[in-house]
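Please read the structure below before turning to the comments.
Quick note on labels: first sequence line is chain A, next is B, and so on, each numbered from 1.
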2 protein chains.
Amino acid sequence: MAVNLRQLSALLGLSQTTVSRALNGYPEVNAETRKRVLAAVRETGYRPNRAAQRLATGRAYSIGLVMPIAAGMDSDIHFGEFLAGLAEEAVRHDFHFVINPAVPAEEEATFRRLAASGNVDALFIAYMRAQDPRIDILKSLSIPFIVHGRAIGGARDYPYIDIDNTGAFYDATRLLLQLGHRDFALINGPCDLTFAIRRKKGMERALGEAGILLDPALQEQSPMTDEHGYRAMQRFLSADRPPTAVLCSSTVLALGAVRAINQAGLVLGRDISLIAHDDVLPMLKPENFTVPLTTTRSSLRAAGTRVAQHLIGSVSRQQKTPIQELWKTELIVRASTGAAPARCARPVRSA
Amino acid sequence: MAVNLRQLSALLGLSQTTVSRALNGYPEVNAETRKRVLAAVRETGYRPNRAAQRLATGRAYSIGLVMPIAAGMDSDIHFGEFLAGLAEEAVRHDFHFVINPAVPAEEEATFRRLAASGNVDALFIAYMRAQDPRIDILKSLSIPFIVHGRAIGGARDYPYIDIDNTGAFYDATRLLLQLGHRDFALINGPCDLTFAIRRKKGMERALGEAGILLDPALQEQSPMTDEHGYRAMQRFLSADRPPTAVLCSSTVLALGAVRAINQAGLVLGRDISLIAHDDVLPMLKPENFTVPLTTTRSSLRAAGTRVAQHLIGSVSRQQKTPIQELWKTELIVRASTGAAPARCARPVRSA
DNA sequence: CCCCATTTTCAAAGCGCTTTGGTTGCCTCT
DNA sequence: AGAGGCAACCAAAGCGCTTTGAAAATGGGG
């Protein structure tokens, strides 16, 4: 059924060498000949045998990803969404991706083993922490890699794809300030991860410009689950001076936060405003909330796709463009944000 | 660094043939020799090159999974959890798994292509529907496969792993009946999927034994998201005769349902009882709910692991044990279930 | 003590691709 | 006219494993 290179070249009256070179874009092939080869490929449906290619080239045609095993990252829905994008792109190019779980202590060893094993020809890391040591390790290993997110401090010349977390929460906070809010709270992701650090920074910058300080008691830094959002919001609402404006690092957190808000008898968008970061999780759309959520949006799945594209590109062609992409987020206003309520009226919760 | 077969056999003073056979469990090798070989493997850390094995054997050492693209299955968190178990086991055995998205209309073609391509040597399917045609297709393709779930009707002699959905909801309903409940509601998964059909059947059987009919208006069949659970529960609570006992097919659905219950000012476990099926999603633990949830439990991740084990086993050894496993679920009682409230008192919602 | 059956080992031929190290024309330059 | 250069192609040698077909070692029976 499936033709192989020998049959294809026999069919064309060419040597395997020439056909192989025509297919792999080598220059020493006549343009006319190349056209004939490509036509024959289309007709026969020839697809190179990946196992043979792997054996001959030593390339694995697969990308590895070392997944930290730590609290809150385990089977995280956000990570799953990112992976979906990555997987889709990988399959399209007949690439595999191998997930390697590793505890932080063994991370470096895992990297080395993976790079040495030849089982993968590019690596990918995520969940960046400030001063993340993994970047230097990877740079020393001379294996292509890409980072989802960015470290804070340390080297800057490494390939990454990240979203503008600082800008996202800066803009969101600005919007809330313009609506008259003065009492803010933040429900953030784990405090060692750089996306969380940057979002907080963005928020504090905007607040600082308005001469406002973010109350440390009105901050939550935790894994991004529904439950954590709920608990944090409950705590905030029972504070001396409850917030009228809340930023959430995920719609999953917002899910719980909104639950707490409703339970307290407050009306979202009137008594309290909330903006969440939306990773475009198909299971949790901000517009499907009872009160549709105002969000800062950037598709996690799209990021996965982009990472895969780049990784695959850097393996297939030996293209040397160490990409650095910083995606802007969109600020989408829905019903969960409104003008700040008159402050004196709040404790009474008048209608 | 890494040794290959030639080096290993030279080291042992044996031929590659013998070493290879010793490693792959062929009978025509002296027991003593085999022991020496295995010792050498341990010392050198020899690992066979997968690409070479693939090329030589034609086996792909990878399992394929065709994922239906349809409403509600897209990036479903339940599916992700199952996959996590599968992936973990696959990595352990140096197997790949390839996810192939396909719309239902192209499903059969995708199967054929995949089976013919030689890119996978076993297939896996899930999201079983009643009379699912995919089983017959796979049986005709002479490629090992395994089903997560079971069809209803049609052939019975195919390998599957499933949980006892009927029994789970039968037991759960029985418990609620014993607690005095008479007004039931069901928030189920999509009505074409067999797990949902069986859960409903189990519930109806128990109710039938008590002479109770499940009100069609108090049923929801939908994708298992928080939002659907919320909406359904809201609808139920505004019915003429609202339920005092609710079964949910997922803790994700329960999340929304509980929100609606709280919002209505009802107390879970007192005014209304709820039992959810718990797939052991790390992000959503029933014991972390404000009122801990009574659940029927079975780990989706464990099922994924088991499926992978079997698939990998059936490829590595040519073991011919078409497994059929039906896992019992555990009924774990927590605080969300309680005695049925006195019926007349309910409309008033007295304390 | 030799022959045959059995056990244990081996050399060599692939699997389907890439790549090295040519060869063959043909054109230009001196 | 011959040297040199270049464009276009090719034969053959691997990559690291499995497996076929055959040979060597062993043992038992006549």
Side-chain angles (χ1 to χ4, degrees), chain A residues 1-38 40-41 44-62 94-95 116-119 121 315-318, chain B residues 1-38 40-41 44-62 94-95 116-119 121 315-318:
Chain A
M1 188 75 251
V3 296
N4 61 23
L5 188 61
R6 180 172 36 203
Q7 295 166 324
L8 185 67
S9 55
L11 200 89
L12 283 161
L14 289 168
S15 74
Q16 295 190 35
T17 312
T18 305
V19 177
S20 171
R21 288 198 159 140
L23 290 175
N24 294 320
Y26 281 72
E28 60 268 65
V29 179
N30 189 318
E32 186 58 38
T33 309
R34 174 162 293 151
K35 226 182 284 176
R36 276 180 56 220
V37 170
L38 291 177
V41 166
T44 57
Y46 167 77
R47 302 255 299 153
N49 178 316
R50 262 293 140 93
Q53 284 185 316
R54 287 181 62 169
L55 190 54
T57 58
R59 268 193 231 121
Y61 295 95
S62 103
D94 196 7
F95 261 68
S117 76
N119 273 335
D121 23 40
V315 172
S316 303
R317 299 158 274 300
Q318 47 275 40
Chain B
M1 188 72 250
V3 296
N4 61 24
L5 188 61
R6 179 169 41 198
Q7 296 166 325
L8 185 67
S9 54
L11 200 88
L12 283 161
L14 288 169
S15 73
Q16 294 191 36
T17 313
T18 306
V19 177
S20 171
R21 288 196 159 140
L23 290 175
N24 293 319
Y26 281 71
E28 60 268 64
V29 178
N30 190 321
E32 186 57 38
T33 309
R34 172 162 298 152
K35 226 181 285 175
R36 276 180 57 219
V37 171
L38 291 178
V41 166
T44 57
Y46 167 76
R47 303 254 301 152
N49 178 315
R50 263 290 140 93
Q53 285 185 315
R54 285 182 64 170
L55 189 55
T57 59
R59 269 194 229 119
Y61 295 95
S62 102
D94 196 8
F95 261 67
S117 76
N119 274 335
D121 23 38
V315 171
S316 302
R317 298 157 273 301
Q318 48 275 40

Measuring from [X]:[atom1] to [Y]:[atom2], what's the distance to the nearest 0.5 Å?
| X | Y | atom1 | atom2 | result |
| --- | --- | --- | --- | --- |
| A/T18 | A/L12 | OG1 | CG | 10.0 Å |
| B/T33 | B/R21 | OG1 | CZ | 13.0 Å |
| A/R59 | A/Q53 | CZ | CD | 8.5 Å |
| A/F95 | A/S62 | CZ | OG | 8.0 Å |
| B/S20 | B/L14 | OG | CG | 12.0 Å |
| B/Q7 | B/L11 | CD | CG | 9.0 Å |

Measure [atom1]/[X] against [atom2]/[N] and give the value in whole Å, please.
| X | N | atom1 | atom2 | value |
| --- | --- | --- | --- | --- |
| B/L23 | D/dT19 | CG | P | 13 Å |
| A/L12 | D/dC10 | CG | C1' | 15 Å |
| A/Q7 | C/dG16 | CD | P | 8 Å |
| B/N4 | D/dG14 | CG | C1' | 13 Å |
| A/L5 | C/dC15 | CG | P | 13 Å |
| B/Q53 | C/dC15 | CD | P | 18 Å |
| B/N30 | C/dT6 | CG | P | 18 Å |
| A/L8 | C/dT18 | CG | C1' | 15 Å |

| message | With nearest nucleotide decided by heavy atoms, which residue, A/A51 or B/E28, maps closer to the 5′ end of DNA chain C? | response |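 Residue closer to the 5' terminus by nearest nucleotide: B/E28.
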
| query | Between B/A52 and B/T18, which has a closest nucleotide on DNA chain C that is more 5'? | reply | B/T18

| query | Quick one: does A/T17 reach the base of C/dT19 with a side-chain donor-acceptor pair under 3.5 Å? | reply |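 Under the 3.5 Å cut-off, the side chain and the base do form a donor-acceptor pair.
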
Does [N] have OP1 or OP2 sitting under 4.0 Å from an N or O in the side chain of [X]?
| X | N | value |
| --- | --- | --- |
| A/N24 | C/dT18 | yes |
| A/Y26 | C/dT19 | yes |
| A/R6 | C/dC15 | yes |
| A/Y46 | C/dC17 | yes |

Considering only side-chain heavy atoms of [X], which listed nucleotide, [options], is closest?
| X | options | answer |
| --- | --- | --- |
| A/L55 | D/dT18, D/dG16, C/dT18 | D/dG16 |
| B/S20 | D/dG16, D/dT19, D/dC9 | D/dT19 |
| A/Q16 | D/dT19, D/dC17, C/dC17 | C/dC17 |
| A/T57 | D/dC17, C/dT19, C/dC17 | C/dT19 |

| Reckon A/R54 touches a base, only the sugar-phosphate, or nothing at all at heavy-atom distances under 4.0 Å? | nothing

| field | DNA chain D: 5'-proximal contact among B/N49 and B/R21 (nearest heavy atom) | value | B/N49

